[in-house]
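Throughout, numbering of the chain's residues begins at 1 and tracks the sequence. On a predicted model such as this, the values are computed, not experimentally measured, just so you know. Just so it is clear, the values below take in all heavy atoms, side chains as well, and ignore hydrogens, waters and symmetry mates.
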Amino acid sequence: MASNGSQKSKLDSIDLEQVEAAEDGKKTLRRTILRLAGPSLTEMVLTNFLAMLNMIMVGRVGPEAVTAVGLTNTIVFLMLATFFAINTGATAIIARSIGAGEPEQANVAAQQTFLINLLLSIAFSVSSYLLAEPLLRFMGAAPEVLADGVLYAQIIFLSLGLTALSMGLSAVLRGAGDTKTPARINVLSTILTVALGFPLIYGYLGFPELGVVGAAVANLVARLTATVWVVYVLFSGDARIRLRVAGMWKVDREMVKRIIRIGLPAAGEQFSLRTGQMILAKVVAGLGTITFAAHQIAFSVLGMTFMPGMAFALVATTLVGQALGAQKPELAEKFGWE
């Protein structure tokens, strides 16, 4: 197992010396960027496409179902902004530690990221589950939306912790330069969401017809699968970063401060964005269930256009971070421009 992990680390590693010394300059830079961006871009495009397919399935249930999904997701995205900030800080620190040849420091950052995400995810999941109905009412959900929407929201809020944890550990892997493993995990879990959602929503293959609640159950199972998978990868020793059970609950205050300090600007950006989206969703919800359903479907399609930018942003964080960690600011700047 250790041998496999060592081989995998070599395959996933980025040889900054070779990139910097390459005679073809920009070609090598671009090949390095595309090698990392390819899996992330594939992951995001396929995940978004399958999410649209899932929305199509829910849409056939009715506008009330689409509205329940849209309002719940708006709340979820706002809460995930906190985790996004933590993960941004973790990715940057891990990338710089790997670039500086300090794998143990990267492991400490990963361990603290896991601990923070675990504790916060439990708190967010429990509180949002208990407040599911008041939250939907606050967002302007009509009585016909609340009928099945509350149960849908409760199940999604329970899976929020799993989503946050898998996001955090995926960010850890990307910081170490491994974009393939998160891509495999997230694409297959999204396929599982659609594959389970189809029979659970419509009652095929002997399953009960659950409507929009079936979509939530499928999401919960898929998120659980993704989380178990990425936790296994990081605890098994098959990745460049390794989490350990020993000392799992030990808080490294200096590392936590570093993660939060780096992630704070990202937190401000995300909270501003998500708060704006929540206000817009609340306003549109006040125009009626059918209007909001149309709004939600349009935004699902629009989401596809963000994917290339997000994929290259993740790669930029990794490559610039590793170059800075290796004391190569000029290479970091070149990566940034490319």
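- In this structure, Tyr129 places its OH atom where only 12 or fewer heavy-atom neighbours from other residues, nucleotides or ligands lie under 6.0 Å away.
- Between Thr28 and Arg31, the side chains place a donor N or O and an acceptor N or O closer than 3.5 Å (distance only, hydrogens not considered).
- A chain of hydrophobic side-chain contacts below 4.5 Å, direct or via other Ile, Leu, Val, Met, Phe, Trp or Tyr residues, connects Val228 to Leu169.
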* To do: Start with the C-alpha distance between Val320 and Glu333, add both sets of side-chain angles, then the distance that settles side-chain contact (heavy atoms from CB on, under 4.5 Å), and finish with yes or no.
  => CA-CA 7 Å; Val320 171; Glu333 188 174 345; over 6 Å; no

* Trp229 and Leu188: side-chain contact (heavy atoms from CB on, under 4.5 Å), yes or no, with the steps? -> CA-CA 11 Å; Trp229 189 350; Leu188 288 175; 3.5 Å; yes

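- Taking CG of Leu165 as the start and CZ of Arg223 as the end, the distance is 11.0 Å to the nearest 0.5 Å.
- Heavy atoms only, all atoms of each residue included: Met139 and Ile75 are closest at CG-CD1, 3.8 Å.
- Looking at every heavy atom in both residues, Ile259 comes nearest to Gln112 through CD1-CB, 4.2 Å.
- Here the side chain of Gln111 pairs no donor or acceptor atom with the backbone of Asp252 at under 3.5 angstrom.
- The main-chain N or O of Thr289 is found under 3.5 Å from a side-chain atom of Thr67 such that the two form a donor-acceptor pair.
- Note that NZ of Lys180 and CZ of Arg174 are 14.5 Å apart. Values are rounded to the nearest 0.5 Å.
- Closest approach of Thr113 and Ala90 over heavy atoms only: OG1-CB, 3.1 Å.
- Ring-plane geometry between Phe124 and Phe83 is classed as perpendicular, the angle between the planes exceeding 60 degrees on a 0 to 90 degree scale with a lower cut at 30.
- Proximity of Arg244 to Asn107: side-chain heavy atoms (C-beta onward) are separated by under 4.5 Å at one or more points.
- Heavy-atom contacts from other residues, nucleotides or ligands closer than 6.0 Å to CD1 of Ile290 number 12 or fewer.
- Here CG of Leu210 is found 9.0 Å from CG of Leu151. Values are rounded to the nearest 0.5 Å.
- Taking CE from Met307 and CG from Leu41, the interatomic distance works out to 9.5 Å, rounded to the nearest 0.5 Å.
- Contacts classified as salt bridge (Lys or Arg N to Asp or Glu O under 4.0 Å) and involving residues 85-98 (residues at least two apart or in different chains) are not found.
- The shortest heavy-atom contact between Leu120 and Thr82 is CD1-CG2, 4.2 Å.
- Side-chain contact between Ile201 and Val212 is absent, with no heavy-atom pair separated by less than 4.5 Å.
- For the residue pair Asn219/Thr193, the side-chain donor-acceptor check at 3.5 Å is not satisfied.
- With hydrogens and angles disregarded, no donor-acceptor distance shorter than 3.5 Å links the side chain of Ser121 to the backbone of Ala164.
- Under a hydrophobic clustering in which Ile, Leu, Val, Met, Phe, Trp and Tyr are joined whenever their side-chain heavy atoms come within less than 4.5 Å, directly or via other members, Leu80 and Leu280 fall into the same cluster.
- Here the side chains of Phe299 and Asn73 are not in contact, with every heavy-atom distance at 4.5 Å or above.
- The only member of Val283, Leu287, Val284 that meets side chain to side chain contact (heavy atoms under 4.5 Å, CB included) when paired with His295 is Val284.
- Salt bridge annotation for Lys334-Glu338: absent, with no cationic side-chain nitrogen under 4.0 angstrom from a carboxylate oxygen.
- Within the 3.5 Å criterion, the main-chain N or O of Ser189 finds no donor-acceptor partner in the side chain of Thr225.
- Residues Leu220 and Leu162 have side chains in contact (heavy-atom distance under 4.5 Å, counting atoms from C-beta outward).
- Of the possible polar contacts, none joining the Thr275 side chain to the Ser272 backbone as a donor-acceptor pair under 3.5 Å is found.
- Clustering ILVMFWY residues whenever any of their side-chain heavy atoms sit less than 4.5 angstrom apart, transitively, puts Phe84 in a cluster other than the one holding Leu115.
- Side-chain contact between Phe292 and Ile297: absent, with no pair of heavy atoms (C-beta onward) separated by less than 4.5 Å.
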* Checking side-chain contact (heavy atoms from CB on, under 4.5 Å) for the pair Phe335/Val315: CA distance, chi angles, key distance, verdict? -> CA-CA 9 Å; Phe335 276 132; Val315 174; over 6 Å; no

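- Of all heavy-atom pairs spanning Ser166 and Val230, the tightest one is CA-CG1, 4.1 Å.
- A donor-acceptor pair under 3.5 Å is absent between the side-chain atoms of Gln154 and the main chain of Ala132, judged by distance alone.
- Using a distance-only test at 3.5 Å, with no hydrogens or angles considered, a donor-acceptor pair links the side chain of Lys282 to the main chain of Phe138.
- Formation of a donor-acceptor pair under 3.5 Å by the Asn186 side chain with backbone atoms of Pro182 is found in this model.
- To the nearest 0.5 angstrom, Tyr152 atom OH is 15.0 Å from Glu64 atom CD.
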* To do: Determine, stepwise, if the pair Met167 / Asn87 fulfils side-chain contact (heavy atoms from CB on, under 4.5 Å).
  => CA-CA 8 Å; Met167 279 176 53; Asn87 298 339; 3.9 Å; yes

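- Ring geometry for Tyr202 against Phe198 counts as perpendicular: the plane angle is over 60°, on a 0 to 90° scale with 30° as the lower cut.
- In this structure, Leu36 CG and Thr317 OG1 are separated by 11.5 Å, a value rounded to the nearest 0.5 Å.
- Formation of a donor-acceptor pair under 3.5 Å by the Ser128 side chain with backbone atoms of Ser125 is found in this model.
- Side-chain contact between Leu331 and Leu319 is absent, with no heavy atoms from C-beta onward closer than 4.5 Å.
- Closest non-hydrogen pair, Gly89 versus Ile262, comes out as CA-CG2, 3.8 Å.
- Looking only at side-chain heavy atoms (C-beta outward), Leu136 and Val145 stay at 4.5 Å or farther from each other.
- Distance alone, capped at 3.5 Å, places no donor-acceptor pair between the Ser97 side chain and the Pro103 backbone.
- Hydrophobic clustering, with ILVMFWY side chains joined whenever heavy atoms are under 4.5 angstrom apart, groups Val245 together with Ile241.
- Residues Phe114 and Phe235 bring their aromatic ring centres within 6.0 Å.
- Under the 4.5 Å side-chain heavy-atom criterion for Ile, Leu, Val, Met, Phe, Trp and Tyr, Met79 and Ile279 are members of distinct hydrophobic clusters.
- Counting only heavy atoms from C-beta outward, the side chains of Asp178 and Arg240 never approach each other to under 4.5 Å.
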